[in-house]
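As structure tokens, the structure follows; a few thoughts come after it.
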Amino acid sequence: MKARLIVLLVALISIFATAAVSAQDTVSEALVTADWLEQNLENPQVRVIEVSVIPGVFERGHIPGAVNFVWHTDFVDTVSRDVVSLERFTELAQAAGINSDTTVVIYGDNNNWFAAWGAWIFNLYGFENVQLLDGGRVKWEADGRALSTDVAAYETGNVTFAEANADLRALLPEVLAVVEGEVPGTLVDIRGAAEYNGEIFAPEGVQELSVRAGHIPGAINVPWGQNVREDGTFKSVDELRALYAGLGIDGSTPLVTYCRIGERAALTWFVLHEVLGYEVALYDGSWTEYGNSVGVPIENPAGTVWGGQ
Amino acid sequence: MAQTAVGGSSANGAAPLSRQQITAAAGLVILIGLVAGAYVLHDVPEQGSKASLSLLIGAALGILFQRGRFCFFCILRDFIEFRNSSGLFAVLTALAVGGIGYAIVFGAFLPNTFTGRLPPGAHIGPVSWVLVAAGAAFGIGMALSGACISGHLYRLGEGYVRAPIALFGALLGFGLGFFTWQSVYLGTLSGAPEAWLPATFGYGGSLIIHLTVLSVIAVFLLKYLPKLPARQEEAITLRGIWDRVIHQRWNPLVTGGLVGIIGTFAYFRIEPLGVTSQLGSFSRTVLDNTGLLFDRLNGLDTFAGCTPQIVQTITDNGWLIGGLVLGSFAVVLLANRFQLSTLTLRNGTTALLGGILMGWGAMLALGCTVGTLLSGISAFAISGWVFAFAVFAGVWLGIKLRLHQG
């Protein structure tokens, strides 16, 4: 009897302990912790990709074994202002040794903004086994974890992708359809409040790429920084769900996220789609396309006029 | 500090021993201060380990430039005026070692050289007539002011009074350079090739070409080397080592080799060596604050080099420059060699004019003898060679016109 009790007790404790550890480990299956990644660096099933925007960051030291994807040229088509083509992306992913059953973990500088764009591209082309490193490069460095300058070379992978999934991407006509109430949807503007309100055209130190200030009519302003904690890691699933629910975003309508050039909005896309599981498209044209488009309605509470006195 | 120092380097000089000791102690305090400063800096928000390392790299360069007399103008003048090529061997060695170092680092940074990409941040600049004009102006400015920009920085620590005037002139020159940049970017710089040897020959081929060219130049320069003095056997003592390190000029090959190594480390950890980006940034920020400058300098952000930015803080390059000046100052004090130079209206004016020419040239060439010449040639950039020859021509002209005898 006593022995049974002990067994039961041990079993209960281990269940709670496991639950506690896993709750502590990840906020979501869409994320991996630095601890997990550190233990899986040798795992051939895992391929780590860095997407940083500052030149030379990857080269001067990256997570051991990581492969570099350059946001400016590898994830976009610079000529047609489009996402990278299916052919080119397949080439890059295969060269990085990615197989159809590989787990892809992406991280990068600037709070994973560009890494989130990478995760979006993988999803767009139908590859869903992709996760973000929680806290990105900043947290990895702050933890004092090892970096390497080794050049990783992998055997060509066998991954193939599907045609782009139109559900994950919003183009201008679709955004306009939401604005005009033809289709249901909620727009999420993740820029800072001053940009959203039209007081400024672009964040400080950044070129003005739009001739109008303000936001897309009806968009809800949730600056991207609200998704993360001080150390750059994502808030817990419950905190995130409560944050968006408090603003009326609960996944009951399709969502569209946008920012200025599309990359920070990828972070919020990731939170809403991958972490919370809502139906979300990224409007990668974002304000630089929408704000410059002729004849489309905007809201500009501040009333700022470009070049006006 | 100047009053405490008396010329002459020998320990048995005329100055009272205590004064020498005080001066040397001050030098030691500065060296310790540099190390302590680097330690403190690594924990300062928005600065961090890169700023800290930049300060130390700067200090090392200051010591090296001062002890090895790694002054591009002095080196060129020795050759042009006195037919003495020994200093040029320091430059050739720096380029040879730097080239090997860069090839090693490049191999990790950009394994495939044929993708059309350039290695991140390497000083590979646009090649056009603008670069030739900039280099020639820079060379003439060197002759007029008595040193290049890095030379002035380390000679600041020696008490060279023309240095601050020339450096002030360089700030003005940068300001002028911005306006010229704006008018030559379209039409010339925007279409100028950023020629890079490895894009055609790979790293191995480029290194062979690099070392061959340097060797050919070295063989040609051999006959301009002064004869080596006879040396007697001597026991190696601490005092002898101190004398060699602190008082005697370092061997050009040692100096050059160390410059090449430091240049490689700097590129590997932070950015290619350069001493003008903080100066140019200072000018640009001042002009920007006064509203005199256009918000954007056309195309500047598409080039790697010592490019001036609008900054509100001290950049890594700023720490490097500070370290350079203080490092030189410290070893000058250790040797009790600090001495204020004489300043006249004439040599002050030429220093200012020379500084302006150098600032203008460094802006348009995206760097000076360190950033464009040293870091560029080490990176197998054609722009580095073009700038080098233009600077040589400018200095040669300046010396022939006796501009340096201000």
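Chain A is the first sequence line, chain B the second, and so forth, proteins listed ahead of strands; every chain is numbered from 1.
- Around CZ of B:R269, the count of heavy atoms belonging to other residues, nucleotides or ligands within 6.0 Å does not exceed 12.
- Under the 4.5 Å side-chain criterion, counting only non-hydrogen atoms from C-beta, A:R60 is in contact with B:Y267.
- Contacts between A:V70 and chain B at a heavy-atom distance below 4.5 Å involve the side chain alone, from C-beta outward.
- Atom CZ of B:F265 has 12 or fewer heavy atoms from other residues, nucleotides or ligands within 6.0 Å.
- B:F282 CZ: 12 or fewer foreign heavy atoms inside a 6.0 Å radius.
- Residue A:P55 comes nearest to B:P120 through the heavy atom pair C-CB, 4.1 Å, listed as atom of the first residue, atom of the second, then distance.
- Heavy atoms only, all atoms of each residue included: B:A108 and A:T149 are closest at CB-O, 3.7 Å.
- Contact of B:L110 with chain A is not made at all, since no heavy-atom distance falls under 4.5 Å.
- In A:Q45, the CD atom is crowded: over 12 heavy atoms of neighbouring residues, nucleotides or ligands sit closer than 6.0 Å.
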